[in-house]
Amino acid sequence: MQNLYETVKKAQMVVQVEAVRVQQELAAEEFDGYCEGELVKVTLSGNQQPVRTEITEAAMELGAEKVALLVTEAYKDAHQKSIQAVKERMGNLAQSLGMPPGLGDVFKQ
């Protein structure tokens, strides 16, 4: 029984180390989001931290209210891409660690 306990403890440590590694890799990545027409681009890190926002002159000519909507649209796009990457990476991690089939799918949905 002690041997089983030690095996489980080691497995938990491996999962924690690998999860931290994946989180660090994602934090270093950037995800670009665009509004329709690509008048605004928002870049987020893999841990959803804002990195930069780029607004074209054409967008500026539309006025402050429209620019605000375009920035929000671009931010949502970048956020969705970042979240999808997290789900895929964590799902892949679960599979690579030999977790039962379907368990890793929880992260991919």
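Considering CG of L70 and CD of E38, their distance stands at 12.0 Å, rounded to 0.5 Å. Interatomic distance, CD of Q23 versus CZ of R89, reported as 12.0 Å (0.5 Å rounding). In this structure, K87 NZ and N92 CG are separated by 14.0 Å, a value rounded to the nearest 0.5 Å. Atom CE of M90 sits about 10.0 Å away from atom CD of E18, to the nearest 0.5 Å. Atoms OG and CD, from S45 and E29 in turn, are 10.0 Å apart once rounded to the nearest 0.5 Å.
In the hydrophobic cluster analysis, where Ile, Leu, Val, Met, Phe, Trp and Tyr join through side-chain heavy atoms closer than 4.5 angstrom, I55 is grouped together with V42. Under the 4.5 Å side-chain heavy-atom criterion for grouping Ile, Leu, Val, Met, Phe, Trp and Tyr, L69 is not connected to L62 through any hydrophobic cluster.
In this view, Q48 and H79, S82, I83, V86 satisfy the side-chain contact (heavy atoms from CB on, under 4.5 Å) rule, not counting sequence neighbours.
For the pair E73 and K76, the salt-bridge criterion is not met [side-chain N within less than 4.0 Å of a carboxylate O].
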- Item | Stepwise side chain to side chain contact (heavy atoms under 4.5 Å, CB included) test for L44 and Y75 | CA-CA 8 Å; L44 299 180; Y75 184 91; 3.4 Å; yes

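Of the possible donor and acceptor atoms, one in the side chain of D77 sits under 3.5 Å from a partner among the backbone N and O of Y34.
With contacts defined as side-chain heavy-atom distances shorter than 4.5 Å, the pair E54/T56 does not qualify.
Residue K66 places its NZ atom among 12 or fewer non-hydrogen atoms of other residues, nucleotides or ligands, all under 6.0 Å distant.
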